[in-house]
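First comes the structure, then the notes that go with it.
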Amino acid sequence: MANTIQAIRGMHDVLPTQTPKWQFVEQQLREVLAAYGYSEIRLPIVEKTELFKRSIGEVTDIVEKEMYTFNDRNEDSLTLRPEGTAGCLRACLEHGLLHNQVHRLWYYGQMFRYERPQKGRYRQFIQLGVETYGMASADIDAELILLSHRFWQRLGIQDKVELQLNSLGTIEERAVYRDKLIAYFEQQPELLDEDSQRRLHKNPLRILDTKNPAMKVLVENAPSLIDFLGEESKAHFETLTSRLTALNIAYTLNPRLVRGLDYYSKTVFEWVTTELGSQGTICAGGRYDGLIEQLGGKANHAVGFAMGMERLLLLLEACGDTTAVKPVDAYLILVGDVAEKAGLVLAEKLRDALPQLKLQMHCGGGSFKSQFKKADKSGADYALILGEDEVNNEVVGVKFLRTQDEQQTLSSAELISLLNK
Ligand code: ATP
Ligand code: MG
């Protein structure tokens with residue numbers, strides 16, 4: 001093995017045994033999104049570095065230390081997207097989709113962050129992103145939470161995730177809070193770790209988001225932003241929580257929940273599980289009205305969320321998910337030259353008649369015994385057997401691999417009606 005090339009650390013293959021689970025989950029998500037009238041948008045994986053610096057912000061983990069940034073042959077600085085919100089907004093501005101219009105969009109794909117790989121944290125990972133534009137009122141914030149809740153219901157994990165909610169108010173309200181927060185932390189500067197000291201004047205809210213257990217008490221006793229909200233922000237938040245209550249969606253108020261970035265305003269939320277250790281957030285989002293102007297558009301409204309697909313699949317696994325998708329229904333055994341030739345014709349005939357049938361045809365010859373072993377291993381329910389005798393008599397032998405039923409000899413019409421069941 002010494003000479004073989006391995007995948008890059010933190011970037012994983014999804015092997016054929018795992019892809020059925022992914023496809024199943026993806027299908028559920030797509031159906032729910034369609035049921036709420038959301039449209040897919042497909043975006044480039046590489047964008048100008050400037051886009052992320054301007055949107056995510058210079059003083060964030062992502063921009064400070066997690067981006068895969070490189071110069072292309074033209075010396076332009078490009079970055080593998082670390083998230084999708086910026087690119088989605090860039091595309092909508094570029095194509096003029098935001099003039100007096102309302103949009104409900106989703107995208108799905110690989111994101112890249114140079115992080116320390118561990119369970120639920122990778123350097124290449126997949127997000128489902130959902131973004132809405134042009135809607136100011138809290139109904140759309142509620143709709144996004146309901147939509148994500150429906151995902152969990154579909155996947156049977158609604159009891160394994162908790163909704164945490166907070167409001168970040170407006171930029172002005174945050175400015176007042178920011179000063180109070182800096183003053184609070186400055187009373188005990190010795191308790192701040194190195195990251196937090198650096199952030200104290202640049203982005204003190206982000207300190208609340210620390211993952212350092214040594215700072216837990218300090219952060220818990222900090223003033224709460226929710227106490228600094230003005231009337232309008234409060235009313236928006238109350239509309240949201242009353243909608244959720246009316247629909248029986250439980251939530252926990254978490255005053256420490258900050259998305260740390262300047263462009264967030266009002267609603268922020270996370271769906272969190274206790275089943276995955278410290279990588280417990282499977283879905284996170286909020287309102288980011290300010291970002292559109294920040295990227296050169298006219299003042300407008302935006303709310304969205306992003307979901308970590310690997311964490312979602314890990315959670316399903318932890319909950320004992322047993323969705324098994326059978327890769328093959330029937331395996332066609334072909335013994336001898338004559339059968340090999342006739343087998344191709346038969347296989348195509350079956351596929352014409354039964355578009356849903358998953359039929360695998362044996363290739364490469366070999367004895368009946370060795371082919372039969374392969375049929376069994378394929379997971380198929382039926383072994384279809386074609387030898388010279390069957391070809392001459394225009395029949396097919398059928399062996400039932402998962403039941404005790406007797407072997408049968410059928411015409412192709414009879415075979416089609418059997419497989420159709
Ligand atoms: P965390 O606090 O766990 O680092 P984050 O705040 O950086 O998360 P977001 O940028 O909000 O995460 O991304 C939304 C979701 O994408 C996360 O809740 C998580 O499920 C997933 N995610 C983020 N980073 C990774 C990663 N490196 N590997 C796998 N999933 C990730
Ligand atoms: Mg992170």
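Start at 1 and go down the list; that is how both ligands and their atoms are numbered. Keep in mind that this is a model prediction, so the values were computed, not measured.
Of the protein's non-hydrogen atoms, the one nearest atom 5 (P) of ligand 1 is R113 NH1, 3.9 Å. The protein heavy-atom contact nearest to atom 2 (O) of ligand 1 is K211 NZ, 2.6 Å. In terms of protein heavy-atom proximity, atom 13 (O) of ligand 1 is closest to Q127 NE2, 3.1 Å. Nearest to atom 22 (N) of ligand 1 among the protein's heavy atoms is F125 CE1, 3.6 Å. Protein heavy atom closest to atom 20 (O) of ligand 1, with residue, atom name and distance, is T281 O, 2.9 Å. Taking atom 28 (N) of ligand 1 as the reference point, the nearest protein heavy-atom neighbour is Y122 N, 3.0 Å. Protein heavy atom closest to atom 21 (C) of ligand 1, with residue, atom name and distance, is G308 CA, 3.6 Å. Counting only heavy atoms of the protein, atom 27 (N) of ligand 1 lies nearest to E115 OE2, 2.6 Å.
Residues that satisfy the salt bridge (Lys or Arg N to Asp or Glu O under 4.0 Å) test with R198, not counting sequence neighbours, are E64, D195.
Using a 4.0 Å threshold on non-hydrogen atoms, atom 8 (O) of ligand 1 does not count as touching the protein.
Between the side chains of Q27 and Q23, not a single donor N or O lies within less than 3.5 Å of an accepting N or O. Side-chain contact check for R113 and Y68: no donor-acceptor pair (N or O, by modelled atom type) lies under 3.5 Å. In summary, the side chains of D405 and T403 do present a donor paired with an acceptor at a separation below 3.5 Å, with no hydrogens or angles considered. Under the 3.5 Å distance criterion, with hydrogens and angles disregarded, a donor-acceptor pair is assigned to the side chains of E131 and T85. Of the N and O atoms on the side chains of E162 and Q164, at least one donor lies less than 3.5 Å from an acceptor on the other residue.
Counting heavy atoms under 4.0 Å from ligand 1, residue R121 touches it through both backbone and side chain. Neither the backbone nor the side chain of R123 comes within contact range of ligand 1; no heavy atom lies under 4.0 Å.
Checked by atom type and distance alone, the side chain of Y177 never pairs as donor or acceptor with a backbone atom of L168 at under 3.5 Å.
For ligand 1, the atoms closer than 4.0 angstrom to any heavy atom of A284 are 11 (O). Contact atoms of ligand 1 toward G120: 28 (N), 29 (C), 30 (N) (distance under 4.0 Å to a heavy atom of the residue).
A centroid separation of 6.0 Å or more is found between the aromatic rings of Y382 and Y331.
In summary, of the residues considered (K211, R116, R199), a salt bridge (Lys or Arg N to Asp or Glu O under 4.0 Å) with D61 occurs for R199 alone.
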